[in-house]
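Accompanying notes for the structure given below.
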Amino acid sequence: MTLALRLAEQGLYSTQPNPRVGCVIVKNQQIIGEGAHLRAGEAHAEVIALRQAGSLATGADVYVTLEPCNHHGRTPPCVDALIAAGVKRVVVAMEDPNPLVAGQGILRLQAHGIVVNSGLMQNEALTLNAGFVKRMTLALPYVRSKIAASLDGRTALNNGKSQWITGEAARLDVQHWRAQSCAIVTGIGTVLADNPSINVRLQASKRQPLRVIVDSYLRTPVNCKMLDTVQQNPVLIAYAQDPNHQVTHLRAIGAECLHVPNASGQVDLQALLQELALRGVNEVLVEAGQGLNGALLVTGLIDEFIFYYAPKLMGSDGKGMLAFPELTDMQQVSHLKILDVRQIGSDIRLRAQPLKN
């Protein structure tokens with residue numbers, strides 16, 4: 001199963017909106033087939049492994065990181081292929097949260113006399129497909145917020161300058177998080193201050209995530225860098241009001257403008273994320289300033305933080321990580337669970353999850 005999980009990681013940048021799945025077939029204590037699902041519409045991991053195993057698959061054990069599918073999508077059901085091959089046992093890391101499967105694949109295998117064991121390395125499998133699982137169970141994507149800061153928690157100088165707080169190695173590490181995300185979300189403040197392109201610059205990734213700008217009053221400049229490449233790499237602008245009548249101009253150059261206001265006349269962040277989930281977005285990477293990050297935290301929409309701390313001090317006048325209403329009691333503070341800490345070049349990367357109250 002460890003090997004199957006490693007195989008599944010081959011699809012880290014490419015399987016969206018499908019889950020990442022790996023499969024290993026074993027007979028007489030020898031591996032006779034391996035497979036990984038790499039792209040939606042292409043063969044699933046089980047099918048690839050069965051092709052490699054050939055007739056030897058009869059009576060074999062199959063280790064797969066996700067319950068085999070039992071429905072017709074872009075490809076035929078993997079359950080049918082396993083039954084036809086005559087495998088003896090299927091070991092599943094986790095059941096498929098997709099309502100079209102949801103245990104039905106396991107039941108069908110068992111109905112054909114195939115022994116099924118479930119739960120081996122389940123936590124590792126869940127982590128690998130956290131976005132797919134959340135989209136299928138809660139109709140929301142898994143949201144990671146990336147924040148680069150000095151050791152005293154400042155993300156920019158008071159005048160807005162922030163390039164570059166972290167070193168080259170940390171910035172390269174961010175590219176990997178971008179590449180595995182289905183969408184990258186930023187705020188209008190970041191667009192106006194930094195004019196970023198927000199794209200993936202890794203040779204290993206052939207896919208560009210959807211770029212999303214949260215822009216309540218539709219102030220996105222038509223000549224910003226993100227819109228320079230909008231014909232090749234789509235941009236979605238979520239807005240609530242259009243006081244300067246910009247929506248026609250932005251749509252004319254190829255940007256998609258989505259009207260999602262909340263009761264306060266700002267972008268409804270939950271509605272935006274629900275819309276992204278409807279579009280098959282499993283994982284979102286937020287690269288924004290303190291305003292959007294604070295709003296997402298307060299509304300409970302951040303699943304994970306990725307903090308990059310540079311060995312620098314920027315002083316109390318610098319801009320902070322998260323802006324939200326003043327707290328008056330320690331019972332109000334947000335608590336985090338630290339998942340991982342490691343050094344990336346000269347910087348420290350710390351991953352943490354907000355604990356739900």
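We use all heavy atoms of the structure for the numbers below, so side chains are in, but hydrogens, waters and symmetry mates are not. Counting begins at 1 with the first residue of the sequence. Bear in mind that the values here come from a model prediction, so they are computed numbers and not experimental data.
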What is the minimum heavy-atom distance between Q353 and D303, and which atoms define it?
-> CG-O, 3.3 Å
Please check if atom CG in L151 has more than 12 non-hydrogen atoms from other residues, nucleotides or ligands closer than 6.0 Å.
-> yes
Pairwise side-chain contact, V286 with T186, heavy-atom cut-off 4.5 Å (strictly under) = no
Separation between CG of N223 and CG of D228, rounded to the nearest 0.5 Å = 7.5 Å
Quick one: does W177's side chain get under 4.5 Å of E283's, heavy atoms only?
-> no
Side chains of residues 272-281: which donor-acceptor partners sit under 3.5 Å, not counting sequence neighbours?
| residue | atom | partner | partner atom | Å |
| --- | --- | --- | --- | --- |
| E275 | OE2 | R279 | NE | 2.8 |
| E275 | OE2 | R279 | NH2 | 3.3 |
| R279 | NH1 | E256 | OE1 | 3.0 |
| R279 | NH1 | E256 | OE2 | 3.3 |
| R279 | NH2 | E256 | OE2 | 2.6 |

Contact check, side chains of V47 and C78, non-hydrogen atoms, under 4.5 Å = yes
Do other residues, nucleotides or ligands put more than 12 heavy atoms under 6.0 Å from the CD atom of E168?
-> no
N/O donor-acceptor pair under 3.5 Å between N293 side chain and G289 backbone = yes
Rounded to the nearest 0.5 Å, the CD1 atom of I106 sits from the CG atom of D96 at a distance of 9.5 Å
Check for a donor-acceptor pair, side chain of Q246 on one end and backbone N or O of R219 on the other, with a separation under 3.5 Å.
-> no
Do H245 and T248 have side chains that get closer than 4.5 Å, going by heavy atoms?
-> no
Any sub-3.5 Å donor-acceptor pair from D317's side-chain atoms to N158's backbone N or O?
-> no
Strictly by modelled atom types, are N233 and R211 linked by a side-chain donor-acceptor pair under 3.5 Å?
-> no
Compare every heavy atom of M121 with every heavy atom of L5, then report the nearest pair and how far apart it is.
-> CD1-CE, 3.8 Å
With hydrophobic residues grouped by side-chain heavy-atom distances under 4.5 Å, do V62 and L56 end up in a single group?
-> yes
Decide side-chain contact (heavy atoms from CB on, under 4.5 Å) for D215 and V267; before the verdict, give the C-alpha distance in whole Å, the side-chain angles of both, and the deciding distance to 0.1 Å.
-> CA-CA 7 Å; D215 183 4; V267 169; over 6 Å; no
Search all heavy atoms of G11 against all heavy atoms of R20 and return the closest pair with its distance.
-> O-CG, 3.6 Å
Any V247 side-chain heavy atom under 4.5 Å of L218 side chain | yes
Flag the pair F305 / R351 as yes when at least one side-chain heavy-atom distance between them is below 4.5 Å, and no otherwise.
-> no
Considering all heavy atoms of both residues, which atom of Y239 and which atom of C257 are nearest to each other, and what is their separation?
-> CE2-CB, 3.8 Å
State yes or no: do V92 and L109 share one hydrophobic cluster built from I, L, V, M, F, W and Y residues joined by side-chain heavy-atom distances below 4.5 Å, directly or via other members?
-> yes
Which residue pairs pass the side chain to side chain donor-acceptor pair (under 3.5 Å) test with at least one member in residues 191-206, sequence neighbours excluded?
-> N199-R201
Could you walk me through whether E287 and V174 pass the side-chain contact (heavy atoms from CB on, under 4.5 Å) check?
-> CA-CA 10 Å; E287 298 195 39; V174 172; 3.9 Å; yes
Side chain T15, main chain N18, donor-acceptor under 3.5 Å = yes
Single-linkage hydrophobic cluster, 4.5 Å side-chain cutoff, V284 and L297 together | yes
How would you list, by chain and number, every residue that makes a side chain to side chain contact (heavy atoms under 4.5 Å, CB included) with S346, sequence neighbours excluded?
-> none
Distance col, row I147:CD1 vs Y308:OH, nearest 0.5 angstrom, shows 12.0 Å
Taking the side chain as C-beta and beyond, is there a heavy-atom pair between L269 and V214 under 4.5 Å?
-> yes
Are the side chain of Q104 and the backbone N or O of L100 linked by a donor-acceptor pair below 3.5 Å?
-> no
Please examine the side chains of I83 and R108, heavy atoms only from C-beta on, and report whether any two atoms are closer than 4.5 Å.
-> yes
Any chance you could measure E67, atom CD, to S118, atom OG, to the nearest 0.5 Å?
-> 7.5 Å
Taking a hydrophobic cluster as the set of Ile, Leu, Val, Met, Phe, Trp and Tyr residues connected by side-chain heavy atoms closer than 4.5 Å, whether directly or through intermediates, do I348 and I338 fall within one such cluster?
-> yes
Are there more than 12 heavy atoms of other residues, nucleotides or ligands under 6.0 Å from atom CD of Q232?
-> yes
Walk me through it: do E34 and C23 pass the test side-chain contact (heavy atoms from CB on, under 4.5 Å)?
-> CA-CA 6 Å; E34 299 178 4; C23 178; over 6 Å; no
Lys/Arg N to Asp/Glu carboxylate O, K27 vs D61, below 4.0 Å = no
Output the distance between atom CG (N70) and atom CG (L107), rounded to the nearest 0.5 Å.
-> 9.0 Å
Would you name the heavy atoms of V90 and P68 that are closest together and state the gap between them?
-> CG1-CG, 4.4 Å
How many angstroms lie between NE2 in H249 and CG in D242, if you round to the nearest 0.5 Å?
-> 9.0 Å
A43 and R51 have their tightest heavy-atom pair at CB-NH1, 4.0 Å
Checking R171 against W164: charged group under 6.0 Å from the ring centre and within 45 degrees of the axis?
-> yes
Check: Q52 side chain, A49 main-chain N or O, donor-acceptor pair, under 3.5 Å | no
Could you tell me whether R349 and D347 have a side-chain N and a carboxylate O separated by less than 4.0 Å?
-> no
In this structure, are over 12 heavy atoms from other groups packed under 6.0 Å from K225 atom NZ?
-> no
Main-chain N/O of Q30 paired to N28 side chain as donor or acceptor, under 3.5 Å | no
Has the side chain of Q208 got a donor or acceptor atom that lies under 3.5 Å from a matching backbone atom of V200?
-> yes
Distance-only, no hydrogens or angles: does the Q16 side chain make a donor-acceptor pair with backbone N or O of Q180 under 3.5 Å?
-> yes
Would you kindly confirm whether I25 and V87 end up in one hydrophobic cluster when ILVMFWY residues are joined by side chain heavy atoms under 4.5 Å apart?
-> yes
Counting N and O atoms only, with roles assigned by atom type, does the side chain of E46 sit under 3.5 Å from a partner on the main chain of I48, one being a donor and the other an acceptor?
-> no
Is the count of non-hydrogen atoms from other residues, nucleotides or ligands lying under 6.0 Å from N159 atom CG greater than 12?
-> yes
